[in-house]
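Taking it in order: structure first as structure tokens, then the write-up.
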Protein chains: 2
Amino acid sequence: MSDVSERAYHHGRLRSALLDAAMRTVREGGVDQLSLRELAREVGVSHAAPRRHFPDRQALLDALAVAGFERLDNRLRTATADGAEDFTSRLKATVAAYIRFATEDAALLELMFTGKHRPGADQVMAAAVPSFTLMYEQIAQGQAAGELAPGDVEQLGIVLFATMQGIATLINGDMVKPELLDDLVDRAVEQFVRGARPAPPEMP
Amino acid sequence: MSDVSERAYHHGRLRSALLDAAMRTVREGGVDQLSLRELAREVGVSHAAPRRHFPDRQALLDALAVAGFERLDNRLRTATADGAEDFTSRLKATVAAYIRFATEDAALLELMFTGKHRPGADQVMAAAVPSFTLMYEQIAQGQAAGELAPGDVEQLGIVLFATMQGIATLINGDMVKPELLDDLVDRAVEQFVRGARPAPPEMP
DNA sequence: CTACTCTGTTGTCAATGCCAACATCGCTTA
DNA sequence: TAAGCGATGTTGGCATTGACAACAGAGTAG
């Protein structure tokens, strides 16, 4: 308790302060921009202080990635919860939320998925699980509602997730004109649903 | 003319030698591993020599990305050409080739798509065009063959490309078990084709 | 032969990540 | 309460790196 901060020869909140500052830097300037020493300066500690909380730079990046996945998961879940009851609409809401996150926090997303997690980044992988699970759940619901054909939920979910991630990468990498984005998302979802829906179309 | 190298106070092939060595390093150790000075040492020139060919580190990375896209495009085209005549099979061959490239050269792929291209990386973007075009062509052929419904070729192609790229990212990021890969690719393609095929199924 | 331009070399600088030795705070325990 | 101790910061230092400036060799054109 005490947002007085500023003082405290032991700072008290160094770890989270570092994470906050790092998050800001990464969002603004990208991962390469991030320097432990500069970070220490911003927070007002000595250049070796961060070492007590993050053994090396990579550890900080991993922690950032984990935090990123938590934020992403929150975004996805609220978007999903707020979405319409209609299956496809809700799915679109989820995907749209993902893409929004991805474009707003491009550098963070890159950090999250990029192979920068050296072995031992189990935490990073684990942090991604909830969001994957959310996709699986949505797929399962779609199947239960008869909108999707029954089948391996995981595989389907991964394909959908991959498509989202891929679109984000393409947009962030300037390989696709941003104007196309909205249509692209709609189309991708529709196309996904159409490709996975039950076989027999109709029979009036 | 003269693979003698070793001598030549002016080396003669410095630029391509640097690119080769850099490509090797990136493939083996990742982008972060790449150091201009180390590179110069490997090639046997002074630490400032690379500067004559690449103004800064980023320029080297961009050049590497361009070279990467060229390699990717070659792989895709030979795979496509060698593929069966059947539309779906050929598409699968293309996608499989993409994924193979992506998993074998994970670090390179990352370099290619990652937003590391600061403004002015028109070359990088341009280098990606041929591969996108290949996808568009395939889509168009599928439509001509009646396997896909007519519609915007670009949007469809981008969705497919994104799906490939996304799967690659997920695999390279260890977010998906490698055992799933083959099934995943097959499923993704089939699902794509099913989702984009002409509406009226049959009418006996 | 001279001047000019590539291409490569030497020397230097500031910044960075990591490490070791030292300092300080707060909590535990006798 | 006081000694002790571990967690948290600090100072100083080292090797590496990317970038830059000044210089040198080598080929070329006049």
Side-chain angles (χ1 to χ4, degrees), chain A residues 1-2 4-22 24-26 28-65 107 111 116-121, chain B residues 1-22 24-26 28-65 107 111 116-118 120-121:
Chain A
M1 342 283 157
S2 82
V4 200
S5 40
E6 214 45 282
R7 294 286 134 238
Y9 301 73
H10 260 57
H11 195 293
R13 300 177 178 286
L14 222 203
R15 186 186 159 94
S16 70
L18 286 172
L19 277 177
D20 287 355
R24 218 178 325 122
T25 303
V26 167
E28 291 171 3
V31 181
D32 298 339
Q33 182 74 23
L34 191 70
S35 145
L36 290 182
R37 289 174 106 108
E38 172 61 25
L39 216 56
R41 262 170 246 135
E42 286 177 26
V43 178
V45 295
S46 73
H47 69 262
R51 190 167 170 56
R52 296 291 169 207
H53 300 272
F54 306 99
D56 59 12
R57 195 183 123 106
Q58 189 55 48
L60 210 206
L61 295 185
D62 285 353
L64 271 185
L111 176 61
K116 293 219 176 297
H117 339 302
R118 293 287 169 194
Chain B
M1 336 308 144
S2 83
D3 38 341
V4 199
S5 38
E6 214 47 280
R7 293 288 133 238
Y9 302 73
H10 262 54
H11 193 293
R13 300 177 180 283
L14 223 203
R15 186 189 158 94
S16 70
L18 286 172
L19 276 178
D20 287 354
R24 218 179 324 122
T25 302
V26 167
E28 291 171 2
V31 180
D32 297 340
Q33 183 73 23
L34 192 70
S35 145
L36 290 182
R37 289 174 105 107
E38 172 61 26
L39 216 57
R41 263 170 245 135
E42 286 176 27
V43 178
V45 294
S46 72
H47 68 263
R51 190 165 169 59
R52 295 290 169 208
H53 301 273
F54 306 99
D56 58 12
R57 193 184 126 105
Q58 189 54 49
L60 210 205
L61 295 185
D62 285 353
L64 272 185
L111 177 60
K116 293 218 177 299
H117 338 303
R118 293 286 169 193

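In what follows, chains are A, B, ... by sequence order, proteins preceding strands, each numbered from 1.
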Review point. Over how many whole Å does the gap from A:Q58 atom CD to C:dG17 atom C1' extend?
Key: 13 Å

Exercise for review: Identify, with sequence neighbours excluded, every residue that meets side chain to side chain donor-acceptor pair (under 3.5 Å) alongside A:R41.
Suggested key: A:E38

Exercise for review: Take atom CZ of A:R13 and atom C1' of D:dA7, then tell me their distance rounded to the nearest Å.
Suggested key: 17 Å

Check your understanding: Heavy atoms under 4.0 Å, any strand shown: does A:L39 hit a base, just sugar-phosphate, or nothing?
Key -> nothing

Check your understanding: Where is the tightest heavy-atom contact between B:R57 and B:V31, given as atom of each residue plus distance?
Key -> NH2-O, 3.6 Å

Check your understanding: Whole-Å distance between D:dT16 P and A:R37 CZ?
Key -> 16 Å

Point to revise | Closest non-hydrogen atom pair, A:G29 against A:Q33 | key: O-CB, 3.4 Å

Exercise for review: Tell me whether the OP1 or OP2 atom of D:dT11 has a side-chain N or O from A:S46 closer than 4.0 Å.
Suggested key: no

Study note, to complete from the structure: Of all heavy-atom pairs linking B:L60 and B:F54, the shortest is CA-CD2, 3.7 Å

Check your understanding: So, for B:H47 and B:A40, which heavy atoms are closest and what is the spacing to 0.1 Å?
Key -> CA-CB, 3.9 Å

Exercise for review: Check the distance between C:dA14's C1' and B:D56's CG and give it to me in whole angstrom.
Suggested key: 17 Å

Study note, to complete from the structure: Assert: residue with more 5' nearest nucleotide on DNA chain C, out of B:H53 and A:S35, is B:H53

For nucleotides 20-22 of chain D, give me every protein contact, N/O to N/O, under 3.5 Å, one pair per line with atom names.
residue, atom, partner, partner atom, Å
D:dC20, OP2, B:R51, NH1, 3.3
D:dC20, OP2, B:R51, NH2, 2.7

Practice item. Please name the pair of heavy atoms, one in A:V26 and one in A:A107, separated by the smallest distance, quoted to 0.1 Å. Key: O-CB, 3.3 Å

Check your understanding: Atom CG of B:L36 to atom P of C:dG8: distance rounded to whole Å?
Key -> 15 Å

Check your understanding: Roughly, in whole Å, what's the span from CD in A:E38 to P in C:dT16?
Key -> 7 Å

Practice item. Specify the separation, in whole Å, of atom CG of B:L14 and atom P of C:dT9. Key: 8 Å

Point to revise | N/O (side chain, A:R41) to phosphate O (OP1/OP2, C:dT16) under 4.0 Å | key: yes

Point to revise | Separation of A:L61 CG from A:D56 CG (nearest 0.5 Å) | key: 8.5 Å

Exercise for review: Determine the contact category for B:R57: base if any of its heavy atoms lies under 4.0 Å from a base atom, sugar-phosphate if only primed atoms, P, OP1 or OP2 are that close, otherwise nothing.
Suggested key: sugar-phosphate

Check your understanding: Pairs counted as Watson-Crick or G-U wobble with both distances under 3.5 Å: what dot-bracket string results for DNA chain C, using | for bases tied to another strand?
Key -> ||||||||||||||||||||||||||||||

Exercise for review: Could you tell me whether B:L60 contacts a base, only the sugar-phosphate backbone, or nothing, with contacts defined as non-hydrogen atoms closer than 4.0 Å?
Suggested key: nothing

Point to revise | side chain to side chain contact (heavy atoms under 4.5 Å, CB included) partner of A:E42, the single match among A:D20, A:T25, A:L18 | key: A:T25

Study note, to complete from the structure: Closest non-hydrogen contact found for A:V43 with A:A21 is CG2-CB, 4.1 Å

Revision key, fill the gap. When rounded to whole Å, the CG to P distance for the pair B:L34 and D:dT16 reads 17 Å

